[in-house]
Protein chains: 2
Amino acid sequence: MADRGAGAGRTGLPASIEAAWGLRERPAKGPKPGLSLDRIVGAAVAIAAEEGLPAVSMGRVAKALGVSTMSLYRYVAAKDELYVLMQEAALGPPPPAPRDADWREALTAWARAQREVLLSHLWALRIPVSGPPATPNMVAWWEQGLVALETTGLDDGAKISVILLVSGFVRSEATMMAELDTAVRAGGTPEEFMARHQNTLARLADPDRYPSVARLLGSGVMTQPDEPGYEFAFGLERILDGVAVLIEGRRADGEG
Amino acid sequence: MADRGAGAGRTGLPASIEAAWGLRERPAKGPKPGLSLDRIVGAAVAIAAEEGLPAVSMGRVAKALGVSTMSLYRYVAAKDELYVLMQEAALGPPPPAPRDADWREALTAWARAQREVLLSHLWALRIPVSGPPATPNMVAWWEQGLVALETTGLDDGAKISVILLVSGFVRSEATMMAELDTAVRAGGTPEEFMARHQNTLARLADPDRYPSVARLLGSGVMTQPDEPGYEFAFGLERILDGVAVLIEGRRADGEG
DNA sequence: GCAGTAACGCGTATGCCATACGCAGTACTG
DNA sequence: CAGTACTGCGTATGGCATACGCGTTACTGC
């Protein structure tokens, strides 16, 4: 299955990705498959959720399913494909968009929803990316982002740019949270971690070479972690303010 | 050396990272080291630059230096440490800040410089991150970012947030460029790649379920890639517009 | 109903990888 | 000149993705 280069859809995509789009006919010949992509991906996701992405190996997934390692390769041509499918599964479909929301409310909801998904699947952020994965849920999220910008009067190019900007931000912020999370798992509370880090820096960074950093370290701003999600809210507001400037500017142009 | 838990600096950091801060005394006893951290990191960086990060293995680096694999472990306790040092080497010190620039010009220059560094060391973006690496060049970049915001009247917390926001954006945009780059290496021009991708999506994405995406695909916006750096310039302008709104708002508060 | 065939599960093997361990040699200390 | 701490490195372990080929199975067309 997985090694069939051109599937029913003739998309040139790996067969397993085609399957994500629902383009699989049950092959006419051969024994009934004892496994399914869904079960494989499910097992892989479960392992990632419990023990982190590095724990996901082909052997480990196979063991969880009670089959041999090599069986998996009948369903997935390579581990990268499994990664893509895991990502798609973690992403899930976007929640329904809020009704009667202006673009800013809609985009805020969209960003928040995306963040929640990422935070509850931190392992997904560790998957090395290799290109725009054109999977159904991914496209559904784009769709919803585009819809949110429908009323802004921005041209198509600008809409894409805004969406890339916002989702890039969400991803980047979530990644920082993930780092903090692993650091915390390694030992201690976030506060302790920040304090330790601040301490180290204070000892290492020469105040003459790095005066501003040194002042900052001295002021203790780094020590108290802000309420959860503050960094996210801050960044999102800045970005949306910037987008608003753009929208109003174009609107003014149009009216002028 | 590398396995000495607490070094001269007593920072609790790995010895090789302490070395990056210049905290190494040549140990009194034992044979003269035939290697140096600099040479090891240099070799690793060279391999990464030519063949990509996955080509960097301990064995490969050792071979490039004409030593045995295990020798490297006298200088570096684990591969992750090598990664951190590679990142630090790739980053380099920030270029001198422009003179007589307002905060916006300064931050723009800062972001652009950061982007250039990342684009000329795309492999560095593939290094799995694990926490805030407190290395000298890293701190130097923060320092410069903070200095750029000196005149804004923002409080320390906000300055940090802005810097995190901007550098997160730069990183995220550069990562997308890196993805495009590997896709292009795999075959064809960026145009071909975009066209192929657009084609695939057009075939897969049901216009009923994804109307906005479908319209976008039909309009051909995705086919023509914009001039290089457009996405970056767009995103940065939006973010800085948003930051400007914040700064002016606080200024107005102060005056009112 | 039977031969052909394609897809199945999987045992085995290859060639990577990071790295633990211990040994022999070396340059310094007292 | 003995002791010692550090060097380079050979060997070994255990993990990894995955190529290959074999026996088996369930369907097809005759």
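Here the structure is a predicted model, which means the values were calculated and not measured.
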**OP:** Map Arg60(B) and Lys32(B) onto DNA chain C by nearest heavy atom, then report which one ends up closer to the 5' terminus.
**Re:** Arg60(B)

**OP:** Return the value, rounded to whole Å, for the distance between atom NZ of Lys63(B) and atom C1' of dC9(D).
**Re:** 16 Å

**OP:** Quick one: label Met58(B) by what it contacts on the DNA or RNA (base, sugar-phosphate, nothing), any heavy atom closer than 4.0 Å.
**Re:** sugar-phosphate

**OP:** For dT29(C), take OP1 and OP2 only and decide whether either is under 4.0 Å from a side-chain N or O of Lys29(B).
**Re:** no

**OP:** Drop me the distance from Phe169(A)'s CZ to Gln114(A)'s CD, to the nearest 0.5 angstrom.
**Re:** 11.0 Å

**OP:** Keeping the roles fixed (side chain from Trp110(B), backbone from Ile163(B)), state whether a donor-acceptor pair exists under 3.5 Å.
**Re:** no

**OP:** Find which nucleotide of DNA chain C each of Thr69(A) and Pro31(A) is nearest to by heavy atoms, and output the residue with the more 5' nucleotide.
**Re:** Pro31(A)

Original post:
For DNA chain D, whose closest nucleotide is more 5', that of Gly30(B) or that of Ser68(B)?
Top reply: Gly30(B)

**OP:** Could you say whether Val67(B) or Ala28(B) is positioned toward the 5' end of DNA chain D, judged by the nucleotide with the nearest heavy atom to each?
**Re:** Ala28(B)

Original post:
Can you check the Ile40(A) CD1 to dA17(D) C1' distance for me, whole Å?
Top reply: 15 Å

**OP:** Could you check which of dT18(D), dA26(D), dC9(D) has an atom nearest any side-chain atom of Tyr73(A)?
**Re:** dT18(D)

Original post:
What pair of heavy atoms forms the shortest contact from Tyr75(B) to Gly34(B), and how long is it?
Top reply: OH-N, 3.5 Å

Original post:
Can you check whether Tyr75(A) has a side-chain N or O nearer than 4.0 Å to OP1 or OP2 of dA7(C)?
Top reply: no

**OP:** Mind telling me whether His197(B) and Phe193(B) have parallel, tilted or perpendicular rings, with 30° and 60° as the class edges?
**Re:** parallel

**OP:** Take atom CZ of Arg74(B) and atom P of dG10(D), then tell me their distance rounded to the nearest Å.
**Re:** 13 Å

**OP:** For Lys79(B) and dA20(C), give me the distance from atom NZ to atom P, rounded to whole Å.
**Re:** 15 Å

**OP:** Report the distance from atom CE of Met70(B) to atom C1' of dC17(C), rounded to the nearest whole Å.
**Re:** 12 Å

